[in-house]
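What follows is a single structure, written as C-alpha cells, with notes after it.
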Amino acid sequence: MNGIEKAAVLFRVIGAEAAEKLCGTMRPEEVSMVAAAMIRLEKQPPSQDEIKVILEEFQSMMESGGGIFANVGETLEQMFAAKFGNEGAKRLEEVRVNAQVESPFKGLSGVPFSDLERILREEHPQVQAAVLANIDSDLAAGVLGCMTEERRADVVERIATMKPPPPRLLRDMADLFIEKTSNLPRFEKIEESGSVAPSVRIAADILNAGAGEGNETMLDSIGEKSPDLVEQIRETMFTFEDLAAIDKITMQKILGGVDTKLLSLSLKACSEQATESIFAAVSQRTRDMIVEERELIGAVPLTEVQEAQKEVMQIIRGMIDNGSVSVSVGGSDGQMVE
C-alpha cells in the first residue's frame, strides 16, 4: 500500500471523532485523497494482518518523532512526478494553493453587514468587489444593502466584469479582512425553518395553501388544548422572511405601527428580499434613517435580533387579527391582498 492507502486504513480503525481531529493537520487535497482511498478499501478491505502491520508502522513513526502523515505528502509528490515529470512539483503546488483558497473568506461568516461594509468602505472599489464576489451570497447581499445606490451599482458592475483574481492573492486578501474583523462578534446564521418540527411546517403549509377564513376558528379550537402548538403553527405560517412577499401599500400600513429603532434592529440579520420589500415601501429619507440607525446599533447578540423580529411579527399578527391587513403567504398567488 502507498501512504494514502495506509492513512485510509488508520482512519477506518480510529473512528470518526479521532479522524476528524487528524484532518485538521492535513492539507485539503490530502483529505480528499484519503477519503477516496477509504471508499476503494470498502470493496477490497485489508486483512487483519495487513492492518496490524500498518498500525505498527504508524506507532513506530510517532515514537520516532515523525509526522504520521509525512508519507502522504511523499506519495503525492511521487504521483505528480510520475504523471508530469519535471513539472510535477509545480503542478502539485498549484493544487495545494487552489485547495487552500477554496473558501478563503469563510472566516468572515457571521460578521454584521454594517460592520463589514464600514471596513470595506476604506478599500478601493475593485477590492470591495473581489471580496463580495468570494464571500457567502447572503453576507454579500447584506453588505450591498448598507451601501449607497451609486456605490452599490459600481461594485455590482465590477463584480460582473472582473476577472478571477489569482488564488494566492485571494488568500492574502482573505487573511487581511479576517484579521480586520477579528474583534467583531459573529452572528449565527438564521435558518429559515428554525427549530420548527417538520410536522408543524406541514400543518402550516396546508393552512397557508387553503388561506380560508376558517383557519382562525380552527386554530382557536386547537389552542384551547395546546396553546404552545398553535403559537408554533402561527409563527411558521407567517415568518419575518415572508415580508418579502408583501406589496408596497400593505407594507406601508404595517410599518406605520412599527417603531423605527425596533425595525432597524430586526433588519440586522435577515434576507435581502425582506429588507428590500421594507425599503421599497418607505421614502428615501426614512430608508436612510433606518440604515443609519442600523449602523449606530452596532454589533448585538443574535438573540436580540431574533427578539426584535418576533416583536415585529407580533405587531403584524395583531393587525391581521383586527382586520387592518390581510395576508396569504401560501395561497394561490402568495401575495398580500386587501
Side-chain angles (χ1 to χ4, degrees), residues 101 103-165 169-170 173-174 176-181 184-192 239-246 248 251 255 260-261 263-300 302 305-306 308-309 312:
V101 299
S103 301
F105 292 90
K106 189 176 181 180
L108 294 179
S109 178
V111 173
F113 301 154
S114 57
D115 289 329
L116 183 54
E117 186 276 331
R118 173 176 49 80
I119 292 173
L120 285 175
R121 196 186 307 164
E122 303 171 356
E123 305 294 334
H124 188 279
Q126 196 64 25
V127 174
Q128 299 177 34
V131 172
L132 294 184
N134 288 279
I135 62 178
D136 179 80
S137 58
D138 289 338
L139 177 57
V143 173
L144 282 173
C146 298
M147 296 180 178
T148 63
E149 291 187 9
E150 181 179 0
R151 181 163 156 242
R152 186 188 312 149
D154 178 48
V155 172
V156 171
E157 182 179 358
R158 289 174 183 273
I159 291 174
T161 57
M162 69 186 298
K163 295 181 180 179
L169 176 60
L170 278 181
M173 289 174 58
L176 173 64
F177 286 101
I178 290 172
E179 175 62 26
K180 285 188 174 184
T181 61
L184 297 175
R186 261 60 171 175
F187 292 142
E188 298 176 11
K189 187 174 182 179
I190 300 177
E191 298 295 336
E192 181 180 353
T239 68
F240 196 87
E241 293 303 322
D242 290 324
L243 294 178
I246 297 180
K248 184 175 181 179
M251 180 65 80
L255 295 181
T260 304
K261 186 174 182 179
L263 182 62
S264 300
L265 177 58
S266 68
L267 294 179
K268 291 285 284 186
C270 71
S271 69
E272 179 187 15
Q273 291 79 8
T275 302
E276 286 303 317
S277 180
I278 291 173
F279 282 165
V282 300
S283 65
Q284 183 62 46
R285 179 175 177 274
T286 302
R287 176 174 180 160
D288 292 341
M289 286 176 57
I290 294 174
V291 172
E292 182 179 1
E293 183 69 40
R294 186 171 59 181
E295 292 184 2
L296 289 175
I297 292 172
V300 294
L302 175 61
V305 179
Q306 292 174 322
Q309 292 180 349
V312 170

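Remember, it's a predicted structure, so these values are computed and weren't measured experimentally.
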- Item | Spacing of CZ belonging to F113 relative to CG belonging to L144, to within rounding of 0.5 Å | 10.5 Å
- Query: Can you name the nearest heavy-atom pair linking P125 to D154, along with the distance?
  - Reply: CB-OD2, 3.6 Å
- Taking the side chain as every heavy atom from C-beta outward, state whether V127 and F177 have any atom pair closer than 4.5 Å. yes
- Nearest heavy-atom contact between V305 and L265 is CG1-O, 3.6 Å
- Message: Are there over 12 heavy-atom neighbours, none belonging to K261, within less than 6.0 Å of that residue's NZ?
- Response: no
- Hey, could you give me the CG/CD1 distance between L267 and I290, rounded to the nearest 0.5 Å? 6.5 Å
- Rounding to 0.5 Å, atoms CD (E122) and CD (Q128) come to a distance of 10.0 Å
- Item | Within-4.5 Å side-chain heavy-atom neighbours: L170 and F105 | yes
- What pair of heavy atoms forms the shortest contact from M162 to A133, and how long is it? SD-CB, 4.1 Å
- Task: Would you confirm whether R287, through its side chain, and F279, through its main-chain N or O, come within 3.5 Å as a donor-acceptor pair?
- Result: no
- Task: Check the surroundings of atom CD in Q284: do more than 12 heavy atoms from other residues, nucleotides or ligands lie under 6.0 Å from it?
- Result: yes
- Examine distances only and state if a side-chain atom of S266 and a backbone atom of L263 form a donor-acceptor pair shorter than 3.5 Å. yes
- Task: Apply salt bridge (charged side-chain N to carboxylate O under 4.0 Å, His left out) to R151 and list each qualifying residue two or more places apart in sequence or on a separate chain.
- Result: E117
- Roughly how far apart are T181 OG1 and L120 CG, rounded to 0.5 Å? 9.5 Å
- When rounded to the nearest 0.5 angstrom, what is the spacing between CG in L116 and CG in L132? 7.0 Å
- When rounded to the nearest 0.5 angstrom, what distance separates OG1 in T260 from CD in E292? 12.0 Å
- Message: Under a 4.0 Å threshold between the charged nitrogen and the carboxylate oxygen, would R118 count as salt-bridged to D115?
- Response: yes
- Which pair of heavy atoms, one from A281 and one from M251, lies closest together, and at what distance? CB-CG, 3.3 Å
- Query: Can you name the nearest heavy-atom pair linking I159 to A129, along with the distance?
  - Reply: CG1-O, 3.6 Å
- For R158, does its backbone N or O pair with a side-chain atom of Q126 as donor and acceptor, under 3.5 Å? no
- Item | Salt bridge K268-E293, side-chain N to carboxylate O under 4.0 Å | no
- Query: Are side-chain heavy atoms of I119 and L184 found at a separation under 4.5 Å?
  - Reply: yes
- Note on the structure: Here the pair of heavy atoms bringing C146 nearest to E295 is O-OE2, 4.1 Å
